[in-house]
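The structure appears right after this line, and notes come after that.
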Amino acid sequence: MTEKYIDLLITDRDFTLNAGSEPVLCNNRVSIGQDIVHAIIESGLATRLVAERSPTMRADVITQLVLLVEEDERIIPGTVKITEESPVKLWVEAETWDFGRVSLGADV
């Protein structure tokens, strides 16, 4: 499979370095997953879940997050599913056009 999307690998919100202290690269599905997590973090929507207790308002924020992820042109619309693994962790699943299913956790 060709490397269509190439990015620096981020682990625990920091660059991942190899034994030579050089950044490690990632591609395709991993890169798309990282972009989804960064979009969620940068949107500020996930932090609204931390203090929100109303199930209705939480569902509204989740819907906004689904719409945000679906804005990525690499994601097939209608395939995004976001569930709350815990009060501070979201689980995102989506189908990409070129690389199959993406499943990842996003810390709130």
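Taken from CG in Leu45 to CD1 in Ile62, the straight-line distance is 9.5 Å, to the nearest 0.5 Å. Within the model, atoms CG of Leu25 and CD1 of Ile6 stand 7.0 Å from one another, a figure rounded to the nearest 0.5 Å. Rounding to the nearest 0.5 Å places OG of Ser31 at 12.0 Å from NZ of Lys4. If you take CG on Asn28 and CG on Asp7, they are separated by 11.0 Å, rounding to the nearest 0.5 Å. In this structure, Leu68 CG and Ile75 CD1 are separated by 11.0 Å, a value rounded to the nearest 0.5 Å.
Heavy-atom minimum distance, Leu8 versus Pro23: CD2-CB, 3.6 Å. When all heavy atoms of Phe99 and Thr2 are compared, the pair lying nearest together is CE2-O, 4.3 Å. Residues Ser43 and Ile40 come closest through the heavy atom pair OG-O, 2.8 Å. Pairing each heavy atom of Leu104 with each of Gly33, the nearest pair is CD2-CA, 3.5 Å. Val37 and Gly105 make their closest contact through CG2-O, 4.0 Å (heavy atoms, listed as atom of the first residue, atom of the second, distance).
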For Val88 and Asp107, run side chain to side chain contact (heavy atoms under 4.5 Å, CB included): C-alpha distance rounded to whole Å, both residues' side-chain angles, the deciding distance at 0.1 Å, then the answer.
CA-CA 6 Å; Val88 294; Asp107 295 325; over 6 Å; no
Is there a side chain to side chain contact (heavy atoms under 4.5 Å, CB included) between Tyr5 and Asn27 once you walk through the steps?
CA-CA 5 Å; Tyr5 305 104; Asn27 60 44; 6.0 Å; no
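Taking 4.5 Å as the limit, every side-chain heavy atom of Leu65 sits out of range of all side-chain heavy atoms of Leu67.
Identified under the salt bridge (Lys or Arg N to Asp or Glu O under 4.0 Å) test for residues 8-18, with sequence neighbours left out: none. Within the structure, side-chain hydrogen bond (donor to acceptor under 3.5 Å, both in side chains) contacts touching residues 61-86 (residues at least two apart or in different chains) are Asp35-Arg74, Arg58-Glu84, Asp60-Gln64, Asp72-Arg74.
Every residue two or more places apart in sequence or in another chain that forms a side chain to side chain contact (heavy atoms under 4.5 Å, CB included) with Leu9 is listed here: Thr11, Thr16, Val24, Cys26, Val30, Gln34. Not counting sequence neighbours, the partners of Trp97 by the side chain to side chain contact (heavy atoms under 4.5 Å, CB included) test are Ile76, Pro77. Every residue two or more places apart in sequence or in another chain was checked for a side-chain hydrogen bond (donor to acceptor under 3.5 Å, both in side chains) with Arg29, and none qualifies. Checked against side-chain hydrogen bond (donor to acceptor under 3.5 Å, both in side chains), Arg101 has the following partners two or more places apart in sequence or in another chain: Glu95.
Note: the hydrophobic cluster containing Val102 does not contain Ile10 (ILVMFWY, side chain heavy atoms under 4.5 Å, direct or indirect links).
Side-chain contacts under 4.5 Å among hydrophobic residues (ILVMFWY), followed directly or transitively, place Trp91 with no other residue at all.
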Indicate every side-chain donor-acceptor pair of residues 46-53 with a distance under 3.5 Å to a residue at least two apart or in another chain.
unit_1, atom_1, unit_2, atom_2, d
Thr47, OG1, Gly44, O, 2.7
Glu52, OE2, Ser54, N, 3.1

